[in-house]
> 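Right, I'll just put the structure down here and ask away after.
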There are 2 protein chains.
Amino acid sequence: MVHMKLEKLAVNIKHFRMQNGWTQQDLADKLAISRSVVTKWENRTAVPDVASLLKIASLFELSLDHLTGSFAYEQEMLKDFQRVYGQNKVGLDQELYQNIDYLRSHPKMKEYLNRIQALPEKKQESIQKILEAMLDQYEQL
Amino acid sequence: MVHMKLEKLAVNIKHFRMQNGWTQQDLADKLAISRSVVTKWENRTAVPDVASLLKIASLFELSLDHLTGSFAYEQEMLKDFQRVYGQNKVGLDQELYQNIDYLRSHPKMKEYLNRIQALPEKKQESIQKILEAMLDQYEQL
DNA sequence: AATTGTTTGTTCTTATATAGAACATATAGT
DNA sequence: ACTATATGTTCTATATAAGAACAAACAATT
């Protein structure tokens, strides 16, 4: 089974590949592997081994942490964030940072969150219930 | 086959394990794997898969780049700071800041967001669609 | 709209490399 | 020297990734 944290790797490989204007074939060629493997990496039906991971990061000129989406310097950024937003010194945890990053990269979700915020508390609660049910189901599949 | 660049990984695993005063067994337990695997990692007769790599880094509280000895990350970090904070003076827009506040005061929503993040992109999209439909409706009432 | 070419996704098989267990060898403390 | 603890090695089975061939989108051109 694929580790939770590997979720972002697949997305990132695809993202950076496309950002470079490469096809899966292009990337496969550069890595000297077959194209279908790249497809699988991107669709989370396979996970590259560490050696490939290093090559990919090198090709994209990325740190491993960027490539995998596990930002080593989260804490540093968190500190900086706290410095900038002095009013909120406490309570910013690591998880929250991930939320921030997620919202930044998923503007739609950000929009929905905003709209939820704007709703009255009761409606929010009912949305939460539905969300929970949905998630329970999706996580099963 | 072991990639050249993986040389340091083995050494580092051992180094940080010992720095923590852990035996191979300790580390194996924490990773829920057998001890002999750790031995092999450290002696370069095997290479951990990416999921394990992430776990190890997390256990040692290290960046992947540190763990693997590929320190390209300072440059990346700089880039990222510019990306996040360079856009305007404060970097994170006010809206996002409100989102953060909201998530902090609504831990359930935060939880759901985390769980959504963990889902594959396609499922996320389908959740988004449902969310959108729901919001459209709730906002009417 | 049909056709071609391109890109991406899937299925199946094979091969390989890892995990784990058992065994073997250190290393340390008494 | 003798345990106990820690590490290293060998062997086998298994899991999983790689590749090939096939299939399906998708785009562009006529």
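Numbered from 1 within each chain, the chains take letters A, B, ... in sequence-line order.
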> With a 4.0 Å cutoff (strictly under), does any side-chain N or O of A:Trp41 reach OP1 or OP2 of D:dA18?
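Affirmative; the distance criterion is met.
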
> Excluding sequence neighbours, so at least two apart, what forms side chain to side chain donor-acceptor pair (under 3.5 Å) with A:Glu132?
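B:Tyr112.
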
> Who passes salt bridge (Lys or Arg N to Asp or Glu O under 4.0 Å) against A:Glu111, sequence neighbours left out?
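By the salt bridge (Lys or Arg N to Asp or Glu O under 4.0 Å) rule, A:Glu111 matches A:Arg115.
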
> Please check if the side chain of B:Lys40 supplies one atom and the backbone of B:Ala46 the other of a donor-acceptor pair under 3.5 Å.
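It does not hold such a pair.
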
> Quick one, A:Leu135 and B:Ile127 - any side-chain contact, counting heavy atoms below 4.5 Å?
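Sidechains of B:Ile127 and A:Leu135: in contact.
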
> For B:Thr23, what residues pass the side chain to side chain contact (heavy atoms under 4.5 Å, CB included) criterion, not counting sequence neighbours?
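With sequence neighbours excluded, B:Thr23 shows a side chain to side chain contact (heavy atoms under 4.5 Å, CB included) to B:Gln25, B:Asp26, given in chain and number order.
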
> Show me the protein contacts with nucleotides 25-30 of chain C, counting only N or O atoms at under 3.5 Å.
none

> Is there any ring-ring contact (aromatic ring centres under 6.0 Å, His included) pair reaching into residues 29-48 of chain A, and which pairs are they, with sequence neighbours excluded?
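Listed once each, the pairs would be none.
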
> Scan for side-chain hydrogen bond (donor to acceptor under 3.5 Å, both in side chains) pairs involving residues 13-22 of chain A, sequence neighbours excluded, and state none if there are none.
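As it turns out, the side-chain hydrogen bond (donor to acceptor under 3.5 Å, both in side chains) pairs with a partner in residues 13-22 of chain A, which skip direct neighbours, are A:Arg17-A:Glu42.
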
> Output all residues satisfying side chain to side chain donor-acceptor pair (under 3.5 Å) with B:Ser52, sequence neighbours left out; order by chain, then residue number.
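Testing B:Ser52 for side chain to side chain donor-acceptor pair (under 3.5 Å), a comparison that skips the adjacent residues, returns B:Asp49.
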
> Please report the end-to-end axis angle for the helix from C:dA1-D:dT30 to C:dT30-D:dA1, five pairs per end, rounded to 10 degrees.
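The value is 40°.
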
> Who passes side chain to side chain contact (heavy atoms under 4.5 Å, CB included) against B:Val11, sequence neighbours left out?
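Side chain to side chain contact (heavy atoms under 4.5 Å, CB included) check on B:Val11 returns nothing, list empty.
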
> How close or far is atom P of C:dT8 from atom CG of A:Asp29, stated in whole angstroms?
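After rounding, the reported distance stands at 12 Å.
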
> Give me the distances for all protein-to-nucleotides 4-7 of chain D N/O pairs that come in under 3.5 Å?
{"residue": "D:dT7", "atom": "OP1", "partner": "B:Arg17", "partner atom": "NH1", "Å": "3.1"}
{"residue": "D:dT7", "atom": "OP2", "partner": "B:Gln24", "partner atom": "N", "Å": "2.8"}
{"residue": "D:dT7", "atom": "O4", "partner": "B:Arg35", "partner atom": "NH2", "Å": "3.4"}

> Suppose we screen for side chain to side chain contact (heavy atoms under 4.5 Å, CB included). Which residues come up paired with A:Lys129, at least two apart in sequence or across chains?
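Per chain and number, A:Lys129 pairs via side chain to side chain contact (heavy atoms under 4.5 Å, CB included) with no residue.
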
> I'd like a table of atom pairs between the protein and nucleotides 10-14 of chain D - only N or O on both sides, under 3.5 Å - with the distance next to each one.
none

